[in-house]
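As structure tokens, the structure follows; a few thoughts come after it.
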Number of protein chains: 2
Amino acid sequence: MAAGDPVRVRTAVTRNDVARLAGVSTAVVSYVVNDGPRPVAEATAARVRDAIERLGYRPNTTARALAVGSTTTIGLVVPDSTNPFFAEYAWQIQRAATDLGYAVLISNTGFDPGVEERSVRDLCDRQIDGLLIAGVSGLRQIDELSRQGRRIPVVLIDEASSRRGHTTVGPDAATGAERVVAHLLHVHGHASVAMIIGDSADPATDGRERGWIGAHARAGRRLGVVERTPFSRQGGFEAGLRLLGRADRPTAVFVSSDSQAIGVLHAARELGVAVPDELAVGSFDDSEESRFCSPPLTTARQPARAMAEAAVAAVVHGGTTPEHLVFDMPLVVRRSCGCRTE
Amino acid sequence: MAAGDPVRVRTAVTRNDVARLAGVSTAVVSYVVNDGPRPVAEATAARVRDAIERLGYRPNTTARALAVGSTTTIGLVVPDSTNPFFAEYAWQIQRAATDLGYAVLISNTGFDPGVEERSVRDLCDRQIDGLLIAGVSGLRQIDELSRQGRRIPVVLIDEASSRRGHTTVGPDAATGAERVVAHLLHVHGHASVAMIIGDSADPATDGRERGWIGAHARAGRRLGVVERTPFSRQGGFEAGLRLLGRADRPTAVFVSSDSQAIGVLHAARELGVAVPDELAVGSFDDSEESRFCSPPLTTARQPARAMAEAAVAAVVHGGTTPEHLVFDMPLVVRRSCGCRTE
DNA sequence: TTGAAAGCGGTACCAG
DNA sequence: CTGGTACCGCTTTCAA
């Protein structure tokens, strides 16, 4: 290496190189790359394009982000992307975001509020343009974080009801739950149905619980027992064991998520109780897993794709006024309830 | 608002504000924030910290990235994060990355090479510090993309064997597969075992296929039939239907992933074929789903966490020489093979 | 120990 | 239509 050589060994080609090669100013390069904001003579533009091509120039997104104040990146924080429903939801979100030119930074909290807060802080520091968060625990702090500096829009996904001051998207969980419980009650004639629900669900706001109660009320039945357990297969398994170990073992149960229901099915199998004959089960989510388990689950369907698209759109057009975007949950009947369909 | 007020309505607080309030230069603010590269008198540092506190100052990661040339972000591209194994792998990767101060940008290709290339290009444009990619199809283009400008390290994850010039991490798939096939052959006495494998797997390099072949060879048995099908529950289901529809229906099958095995189990159920009595199944992955399905799967375990940590470490210390990091796959025996364990 | 200032790679306003 | 140039917010060298 000659004495006078610059230290920089091998750096990316920048708009300076392009400008030099094309014999124009850097401004012009910018104009042609972004097709604006000023017009460029066709001949000049062609020269620039040619230079870009020859040099293999790629604009530096980081630099652009700094200049324009937008990273075209959104943050996604979920409790557990391993849960089949969240896995699908996250996938649809990533997809929708990509379609709009956004990348997504994903973060798992594992249901830990401390982790949640750290994640959000980190994401905000990274100048994301918007935040999608599922199963918020520390909404207050998150608001604070997202508001310092350039206020970044946050939309609460997987939210059963509206939260003041926030745009939220979620299924009409109450109706969905009510549908499956009513199905168990009325078409299969159970006297009442038990419920297994996530221990992180807030009874006051959780639509599933309200729907379960509503179905019983409307039918004039006494509520079944309820078991609270983590939102996981293992959680469902343990709750299932408890439920099936009771003296007054229920004949039907509504489980608040597919992943828990999978656990319940497993518990029933271990204990030798037949589903649906001895225990009918209704579930919530309609993740792909619910179609393939044994027996396939009768469940209320969360339209993940539509919700994902709505959530991404809402956060990207971040100015919009707070609103609650609700999605209907169709009942999908399979065999875990006792039906012979499918 | 007074007439001379700046237009800028409400912008984030920057190190300028901090510097002003603390009565120091911006350089000093930087020194105390980063604890270097120059020392700062304790008294001064205290003033700065105080100003930071009062102003609620948070450094702008984008600006920092531009200045230092590192985004502390890595890219992760996978075919399908909805597949339970990838879901877990991705989760572990995100976790490991977070521990090292990195964020992860995730992208799904859906097994589409075009999407893969676009994703990688986008990620590189975003100046990621490293790329983790599973199931590469267009390695050549990816190399090219990752090398223009500042060469970003790419490590191939979920790779069964080493790829020239690349550091790769993956399980010892051949041994893992061989273990499950041998188990079926020897402890359960099947004459031979069929195989269901992903249609995107390359027979030449895919360890699972080699292991399956090896087990038969070592036992002096004739190979069973093979079905190729997509890496998904649905794919497994369809292959299962085909396999079980054959005149010479196999008595045992090795399936190349848990998600496909779940599909096979479903197919068997639909056809009234008892597992494991009429069809023994061995699988590959040991994702959580395999513990909860019916019957629970005997499978070769991919140590997702260890692989994730190794992959992240490798990509972060991106200078290291290419190497293949192999992880042993223990056999986990459950009931789908015919064992009574667990 | 501290500060001034030159970048990092783009954007976009203001003049010409 | 095009060029010069002042930022965007932070890092880091160099001089004081």
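Order of the sequence lines fixes the chain letters, A, B, ..., with proteins taken first and strands second; residue numbering starts at 1 for each chain. As a basis for the values below, the full set of heavy atoms in this structure was taken, side chains included, without hydrogen atoms, waters or symmetry mates.
Whole-Å rounding puts the A/N16 CG to C/dC8 C1' distance at 11 Å. The CZ atom of A/R20 sits 12 Å away from the P atom of C/dG9 (whole-angstrom rounding). Put simply, CG on B/D125 is 10 Å from P on C/dG10, counting in whole angstrom units. Atom CD of B/E42 is separated from atom P of C/dT1 by 11 Å (rounded to the nearest Å). The separation between A/L66 atom CG and D/dA6 atom P is 17 Å, rounded to whole Å. Between A/R47 atom CZ and D/dT2 atom P the separation is 8 Å, expressed in whole Å.
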Item to check | Heavy-atom protein contacts under 4.0 Å, nucleotides 11-16 of chain C, coded B base, S sugar-phosphate only, - none | outcome: BBB---
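Between A/R54 and A/D50 there is a salt bridge, since at least one side-chain N of the basic residue sits less than 4.0 Å from a carboxylate O of the acidic one. Electrostatic pairing of A/E88 and A/R95 does not count as a salt bridge here, judged by no charged N lying under 4.0 Å from a carboxylate O. With respect to the salt-bridge test (charged N to carboxylate O, under 4.0 angstrom), the residues B/R118 and B/D112 do not qualify. A salt bridge links A/R20 with A/D17: the distance from a Lys NZ or Arg NE/NH1/NH2 to an Asp or Glu carboxylate oxygen falls below 4.0 Å.
Ranking D/dG9, C/dG3, D/dT2 by closeness to the A/A41 side chain, first place goes to D/dT2.
For C/dG9, the OP1/OP2 oxygens have no side-chain nitrogen or oxygen of A/T14 closer than 4.0 Å.
Judged as a side chain to side chain donor-acceptor pair (under 3.5 Å), and not counting sequence neighbours, the contacts of B/S81 are B/N108.
Looking at A/L132 and A/V155, their side chains come closer than 4.5 Å, going by heavy atoms from C-beta outward.
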